[in-house]
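Comments concern the structure below.
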Amino acid sequence: MTDTLSQTPDAPRKSASLHTQDARTKKRNAAEARFKFYGLTAIAIGLFFLVVLAVSIVRSGLPAFTQAVVNVEFTLTKEQFDDAESQLFKTKAYSGFFNAALVERLEASGIETEFDEKAVERILGKTGGTIREYFRENQGELGSPVAFSLATSSRVDGYLKGRVTRENMEDSRFLQRADLDLVDDLQAAGILKQAFNWNFITGADSGVDNPGGAGIGASVVGSFFMMLVVLFLSLPIGVAASIYLEEFAPQNRFTDLIEVNISNLAAVPSIVFGILGLAVFIQFMHLPQSAPLVGGLVLTLMTLPTIIISTRASLKAVPPSIRDAALGLGASKMQAVFHHVLPLAMPGILTGTIIGLAQALGETAPLLLIGMVGFVARGYPDGFVAGFTEPNSAMPAQIYTWAARADVGFYEKAWGGIIVLLLFLLTMNIIAIILRRRFERRW
Amino acid sequence: MNDMRQVERTVDTGQHKITAKNVQVHYGDTHAIKDVNVNIEDKTVTAFIGPSGCGKSTFLRCINRMNDTIDICRVTGDILIDGEDIYDKKVDPVQLRAKVGMVFQKPNPFPKSIYDNIAYGPRIHGLARNKAELDEIVEKSLRRGAIWDEVKDRLHAPGTGLSGGQQQRLCIARAVATEPEVLLMDEPCSALDPIATAQVEELIDELRRNYSVVIVTHSMQQAARVSQKTAFFHLGNLVEYGETGQIFTNPNDPRTESYITGRIG
């Protein structure tokens, strides 16, 4: 319109062929092609790093899900049991039974080997205690064959996974080079195998010198309790606050101030919320330390701005004509909001909430300050299921603890923990997408 | 523009349904409506015409207090419906809006089924005691909205799936479902094609039997076709108000004449 206006009507228009591109068009097309190329390059770089990250996480983390175990099946008769129970060193007697069975198995596979009890102890730990415990509790099993699956020490586990080699290891009270011959023999005989490490999924953290026994289960429970607290506090508070601010509150300086501060809160570093939680919840309100309740409260503070901002955005996105329609029919403001606006804003609210929860799930810094790191669980699993006020850890805090420990065995546990954490985050995001699809309506 | 309904226009019910006295509306610093006085009759179609931004929609929205939802809007003066001041402190706008229904410029059905669209108003006002009564109200309203035959087989299909004209008639049916006494229409045909417009206009003529209808329109032909009374607004003033035939053929004010003949607007 403006082009034709600027031309004088009687100036003859130069007519160019449509089959040749003029200089301007060429320049514009080149600029567009360049921009597309930049975009593609950016995406390619992003994808490349994503793949590198995923591969390195999986490669470093997968060994955490397996554990070298020794499977030995043997029969303990009633007489042997009574005999062992009457001795002074009871567990030593049980170890003897176990070692005898081990020799038997090795010979059956046609492998002649000599070993001392100490070597077995270095490989498998004190076997007698475990076996005695089992038979004392299951006396009915006496006389029939029982299969034992005993976890090896973390160094033997590392040897099988290639972390420990004959060259880089040193003889110590934990493992000696000579013991590795026995390990090789056991492996050749099919007694020593890699098995799925259920303990890693379900178990609790172990002591600093026992990476083999460490599990992420307890901290999954801790994270779960925290997420419950976050969900049940931040969703109603956040949604109620946003509905009030968006639909009911008058527009004035005070609400503007609140609005600005909510945006500011979303940008506050999480460690600040951590120290606030420490000061308010633990030191002032005397809530228990290291408890998922406190962790949940701190993460609620952190998640609230995210939920409020996303909820307000999705309420704003509902067309005003829907509000007008409801109000025009004589619905009260609250009826208009709850019958029409809120259902339409639901997909956005849920997505925002789940993304806020996912953010909270992966948060470590505030948990460091309220003491959800670096303790060894006691009384697992009974004490944990008990609830919100029992000391516990959370997944990212647990990963942080493992990564900070000296024993290299914990390194793979940290990576394994990251895989578990990422699986949870992935699941939450998928739920968010499904909910969004399901609730989405068009108008 | 020649009046085909000359006979109908002479029908005068003589009752004043809505009376506005010295109505002023301010949007912040803007003086949108300046001292409007008007008497709107019952069982009559009254058209508000005027150029864009002249305040006719604003005045329409004063009649059911939809302007209350806009923070910066301030209304002074009196608007009486059946002799009662609707801006009285005792009046609950929710009750008022049940009595004064509104149809908007853009069809705005709820993203729900056709049935639920109609049933929403009766439900929140408790007009139906049971499902059968509600069904009856829905059918009656859809018939009044002249859309029953088109949707009777798909009452549970989404209302947003209808065509533009059907959606607008659905909105009219939804507005009449709450048994209002006054029906306000804010450019109800501006988003519709000529066929749908003709259907809606026919419907408006039908509705006149039961309601006092106030319609804002940009189309002078439409005002001439559907209304008995016409009010011309200009720059926030009510310039002229009278019989439609007289406004369009022999206006008193030179501004009205200029607008109608296309010289201003």
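We name chains A, B, ... by the order of the sequence lines, and we start the count at 1 in each one.
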* Asked: Which heavy atom in B/R97 sits nearest to a heavy atom in A/L327, and how many Å separate them?
  -> CD-O, 3.0 Å
* Of the non-hydrogen atoms in A/L329 and B/T178, which two are nearest, and what is the gap between them? -> O-CG2, 4.0 Å
* To do: Tell me, for B/R65 versus chain A, whether the close heavy atoms (under 4.5 Å) come from the side chain, the backbone, both or neither.
  => neither
* Is chain A contacted by the side chain of B/V103, its backbone, both, or neither, given a heavy-atom distance below 4.5 Å? -> neither
In terms of heavy-atom contacts, does [atom1] of [X] have more than 12 from other residues, nucleotides or ligands at under 6.0 Å?
{"X": "A/F224", "atom1": "CZ", "result": "no"}
{"X": "B/E133", "atom1": "CD", "result": "yes"}
{"X": "B/Y87", "atom1": "OH", "result": "yes"}
{"X": "A/L342", "atom1": "CG", "result": "yes"}
{"X": "A/F248", "atom1": "CZ", "result": "yes"}

* To do: Count the heavy-atom pairs under 4.5 Å between each of A/A325, A/S321, A/G328 and chain B, then report the option with the highest count.
  =>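 Maximum pair count with chain B is reached by A/A325.
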* Asked: Between A/Q251, A/Q335, A/K333, which shows the greatest number of heavy-atom pairs under 4.5 Å with chain B?
  ->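 The option with the most such pairs is A/Q335.
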* Any chance you could measure A/S332, atom OG, to B/Q95, atom CD, to the nearest 0.5 Å? =>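 The OG atom of A/S332 sits 12.0 Å away from the CD atom of B/Q95.
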* How long is the gap from NZ on B/K112 to CG on A/L344, to the nearest 0.5 Å? -> 8.5 Å
* Pair B/K106-A/D324, side chain to side chain contact (heavy atoms under 4.5 Å, CB included): steps then yes or no -> CA-CA 11 Å; B/K106 211 175 133 241; A/D324 283 349; over 6 Å; no
* To do: Would you check if the distance from the ring center of A/H340 to the ring center of B/Y120 is below 6.0 Å?
  =>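 Ring centroids of A/H340 and B/Y120 are less than 6.0 Å from each other.
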* Structure fact -> One option among B/M102, B/R61, B/M66 has the most heavy-atom pairs under 4.5 Å with chain A, and it is B/M66
